[in-house]
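Labels below follow one simple rule: chain letters A, B, ... track the order of the sequence lines, proteins then strands, and each chain is numbered from 1.
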Amino acid sequence: MNKSSVKTARHLDSIGQVLTLQGWVRTRRDSKAGFSFIEINDGSSQGNIQVIADGSLANYESTIKSLSTGCSIAVTGEVKASGGQGQATEVHASAVELIGECDPETYPLQKKRHSFEKLREWAHLRPRTNTFGAVARVRNCICNSIHQFYQEREFLYVHTPIITASDCEGAGAMFQVTTLNLDQIAKKQIEKLDFAQDFFQRRAYLTVSGQLEGEIYATALGKIYTFGPTFRAENSNTSRHLAEFWMIEPEMAFYDLDDNMDLAEAFMKRIVTDALARCSEDMEFFDKQIEPGLIASLQHVADSSFVRLPYTEAIDVLQKSGKKFDYPVEWGTDLQSEHERFLTEEHFKCPVILFNYPKTIKPFYMFCNDDDKTVRRGSS
RNA sequence: GCCCUUGUAGCUCAGUCGGUAGAGCAACGGACUGUUAAUCCGUGUGUCCUAGGUUCGAGCCCUAGCGGGGGCGCCA
């Protein structure tokens, strides 16, 4: 048995080979001329492979004609150039084996679009949809690119603690980690907790950032990056906030501000370029079904030179724009989303890096410029 | 945390003035076809989110609760 993925079988190079594919039925169309089209997907690619199952197969009437969306099957057959539109290759089955049945009356996923809200109710089946499959593949691609990008530049991948006592720069509300018996404590109505009784004999939290550990490694090993789960207990109900997310933090000794900006720009471009090149089918799906214009927008990020602008000049651009903002633009305050969007989307029409922020709105340890009003970089 | 909005068939939704439930898709049956969100014909489908209240009568009005979505704030 020459096992193959759907991804491989869809490639022209596979024509002429006899392969065995295992996957889940997406759809079946019957021809009364005596054969059926079965589309199967195994997660290896966005597209399905079309299988031609001829009526002469032993289990055609008993099994193949009742295959429905969600069934898992194994198909063995020769890959041939497709006679129809829409696909380069197809498999002419010599055997189709039903591995797992799927009752169409009770299987929730249908051959149509489902809302994300509805799919969340079927969380165990979401990965079988085009959208979630594409997200998983693109995310995998990005993770791979992240490591490749830093490894090529001789950065060390450092693991920083998940459970920690440090609050970093007070970046956000933290999830407390404890082994104290909360039910018992509630019953006793204790006014002050004795953390000496806790697991670490002190308060502990899930990390909000590996920055502090990253910096001490950078000041010993030169260039490091962290990439791992991070937790924020913000009660923020927006699409841009997560309680749990993965964060990348490069920390470099002996880098000046220009070095930092060069790295950031190259990094962003690399991630985007790789995703477009390596996940083209998934990105085309997003562009068509989820967010029209996405590919053009990402290609623009990959192609453009990022604008690098001092904070003070950005304030000047905003104030002279004549644009009415919901939040006033004033030197010394942080920029709101609407200001950032104006700079990137309307004024410069490309990614923008702002630097030399007022020291009053940045962490205390940042390196102060000669003007004593703005800061350039971290303390390393 | 604040504000707005929504909950009806497996899914997406309509439901008028308060009078006892409806369309498309899916499913199922059939027709047709190298098809590809196939197409055409036919069939069935309900705890109208939950609990109270008003009323002769509530999917519809009122109150509370629960769930979903959006915006803002905080924040990344």
Heavy-atom protein contacts under 4.0 Å, nucleotides 28-36 of chain B, coded B base, S sugar-phosphate only, - none: S--SBBBBB
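Proximity of A/M247 to A/R232: side-chain heavy atoms (C-beta onward) are separated by under 4.5 Å at one or more points.
With no hydrogens or angles considered, no side-chain donor-acceptor pair links A/T312 and A/N356 at under 3.5 Å. No hydrogens or angles considered: nothing links the side chains of A/Q336 and A/R341 as a donor-acceptor pair under 3.5 Å.
Atom C1' of B/rG18 sits at a distance of 8 Å from the matching atom of B/rC61, rounded to the whole Å.
A/N235 has a side-chain polar atom (N or O) that falls below the 4.0 Å cut-off from OP1 or OP2 of B/rG1. Applying the 4.0 Å criterion to OP1 and OP2 of B/rG1, one finds that A/S236 has every side-chain N and O outside that range.
You won't find any donor-acceptor pair under 3.5 Å spanning the side chain of A/E117 and the base of B/rG68, going by distance alone.
For A/F325, the ring pair (Phe, Tyr, Trp, His ring centres under 6.0 Å) partners are A/H339, A/F342, not counting sequence neighbours.
Rounded to whole Å, atom C1' of B/rG68 lies 9 Å from atom NZ of A/K118. Rounding to whole angstrom units, NE2 of residue A/H114 and P of B/rC13 are separated by 13 Å.
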Dot-bracket assigned to RNA chain B with the 3.5 Å Watson-Crick/G-U criterion, [ ] for crossing and | for other-strand pairs, is (((((((..((((.....[..)))).(((((.......))))).....(((((..]....))))))))))))....
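For the pairing with A/Y357, the ring-ring contact (aromatic ring centres under 6.0 Å, His included) check across A/W331, A/F367, A/Y311 returns one residue only, A/Y311.
Of all nucleotides listed (B/rA26, B/rC72, B/rA76), B/rA26 comes nearest to the side chain of A/Q110.
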